[in-house]
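Here the structure comes first, spelled out in structure tokens, and everything after it is commentary.
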Amino acid sequence: VTAAGEGHFDAILMDHMMPVMDGVEATRLIRKLEATGSLKRNVIIGLSGNVGTEFAAEIYAVGMDGFMSKPFLPKELRALLSSVFKGEFKSRNPAMRNAEDKKQI
């Protein structure tokens, strides 16, 4: 969260289960910082070994753009990052997709 507050990243890979603060809370804090207008919006991809419908609903509710299940193959990560770097990444978050379609972000 501190690093995100100090600058912009092409993509943040956010682990769901971390020892001090979980990925949901960290994303919530990053989105709060972005909402102040002092920070450009970052693409945040959730990572978890548990990617059921509850997980998807939770990560989308806090503003993550998508998720990858662990373990993942290096080629899957490369494809995701390639789309981010090329500016072709489209959020898998239904709320964000609607905003993208309307050019609100």
Side-chain angles (χ1 to χ4, degrees):
V1 175
T2 302
E6 294 173 355
H8 180 263
F9 293 87
D10 292 312
I12 295 172
L13 302 178
M14 184 68 71
D15 198 326
H16 184 64
M17 298 180 109
M18 297 184 291
V20 176
M21 177 186 306
D22 68 31
V24 170
E25 183 59 24
T27 299
R28 187 176 288 117
L29 292 173
I30 291 168
R31 293 297 186 227
K32 274 185 175 180
L33 288 171
E34 293 168 348
T36 66
S38 62
L39 184 63
K40 184 177 174 185
R41 190 178 189 286
N42 288 282
V43 171
I44 301 177
I45 305 298
L47 302 176
S48 179
N50 178 20
V51 290
T53 54
E54 269 185 40
F55 173 73
E58 184 178 34
I59 64 123
Y60 289 150
V62 297
M64 287 188 197
D65 297 291
F67 58 88
M68 292 181 69
S69 84
K70 298 187 300 185
F72 50 84
L73 298 173
K75 68 180 183 179
E76 294 169 329
L77 180 58
R78 279 193 299 274
L80 172 80
L81 293 176
S82 177
S83 70
V84 170
F85 295 138
K86 291 178 180 176
E88 299 168 350
F89 177 81
K90 296 290 183 188
S91 177
R92 289 170 48 190
N93 185 331
M96 292 309 302
R97 287 301 299 256
N98 290 338
E100 288 169 349
D101 292 343
K102 296 175 184 174
K103 303 289 187 214
Q104 294 175 351
I105 61 169

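The first residue of the sequence shown is numbered 1, and numbering continues consecutively from there. What's counted below: heavy atoms across the whole structure, side chains too, no hydrogens, waters or symmetry copies.
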* To do: Name all residues meeting the side chain to side chain contact (heavy atoms under 4.5 Å, CB included) criterion together with Leu81; count only those two or more places apart in sequence or in a different chain, and write none if there are none.
  =>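 Scan of Leu81 (side chain to side chain contact (heavy atoms under 4.5 Å, CB included), adjacent residues dropped) gives Ala11, Leu77, Phe85.
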
* Which heavy atom of Ile45 sits nearest a heavy atom of Phe67, and at what distance? ->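 That would be CG2-CA, 3.9 Å.
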
* Please report the shortest heavy-atom distance between Ser38 and Thr36, naming the atom on each side. =>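 Minimum heavy-atom separation between Ser38 and Thr36: OG-OG1, 2.8 Å.
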
* To do: For residues 18-38, pull every pair meeting ring-ring contact (aromatic ring centres under 6.0 Å, His included), keeping only residues two or more places apart or in separate chains.
  =>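 Every candidate ring-ring contact (aromatic ring centres under 6.0 Å, His included) pair involving residues 18-38 fails, so no pair, neighbours aside, qualifies.
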
* To do: Not counting sequence neighbours, which residues clear side chain to side chain donor-acceptor pair (under 3.5 Å) with Glu58? List them please.
  =>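 Glu58: no side chain to side chain donor-acceptor pair (under 3.5 Å) contacts found.
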
* With side chains defined as the heavy atoms from C-beta onward, is the minimum distance between Val43 and Asp10 less than 4.5 Å? ->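 The answer is no; the side chains never approach within 4.5 Å.
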
* To do: May I ask you to test the Leu80-Leu13 pair for a side-chain heavy-atom distance under 4.5 Å?
  =>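 The answer is yes, as the side chains (C-beta and beyond) meet within the 4.5 Å cut-off.
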
* **Step-by-step side chain to side chain contact (heavy atoms under 4.5 Å, CB included) determination, His16 to Val24** => CA-CA 7 Å; His16 184 64; Val24 170; 3.5 Å; yes

* About how many Å separate CG of Leu39 and CG of Leu33, when rounded to the nearest 0.5 Å? ->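 Answer rounded to 0.5 Å: 6.0 Å.
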
Taking distance alone, no hydrogens or angles, what donor-acceptor pairs closer than 3.5 Å link side-chain atoms of residues 1-9 to residues at least two apart or in another chain?
{"unit_1": "His8", "atom_1": "NE2", "unit_2": "Arg41", "atom_2": "O", "d": "3.2"}

* Asked: In this structure, are over 12 heavy atoms from other groups packed under 6.0 Å from Met17 atom CE?
  ->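 No, not enclosed.
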
* Can you list every side-chain hydrogen bond (donor to acceptor under 3.5 Å, both in side chains) pair that touches residues 68-79, not counting sequence neighbours? ->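 Sorted pair list: Asp15-Lys70.
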
* Inter- and intrachain pairs under side-chain hydrogen bond (donor to acceptor under 3.5 Å, both in side chains), touching residues 18-33, at least two apart ->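 For residues 18-33, and leaving out neighbouring residues, the side-chain hydrogen bond (donor to acceptor under 3.5 Å, both in side chains) pairs sorted by first residue read Glu25-Arg28, Arg31-Glu34, Arg31-Asp65.
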
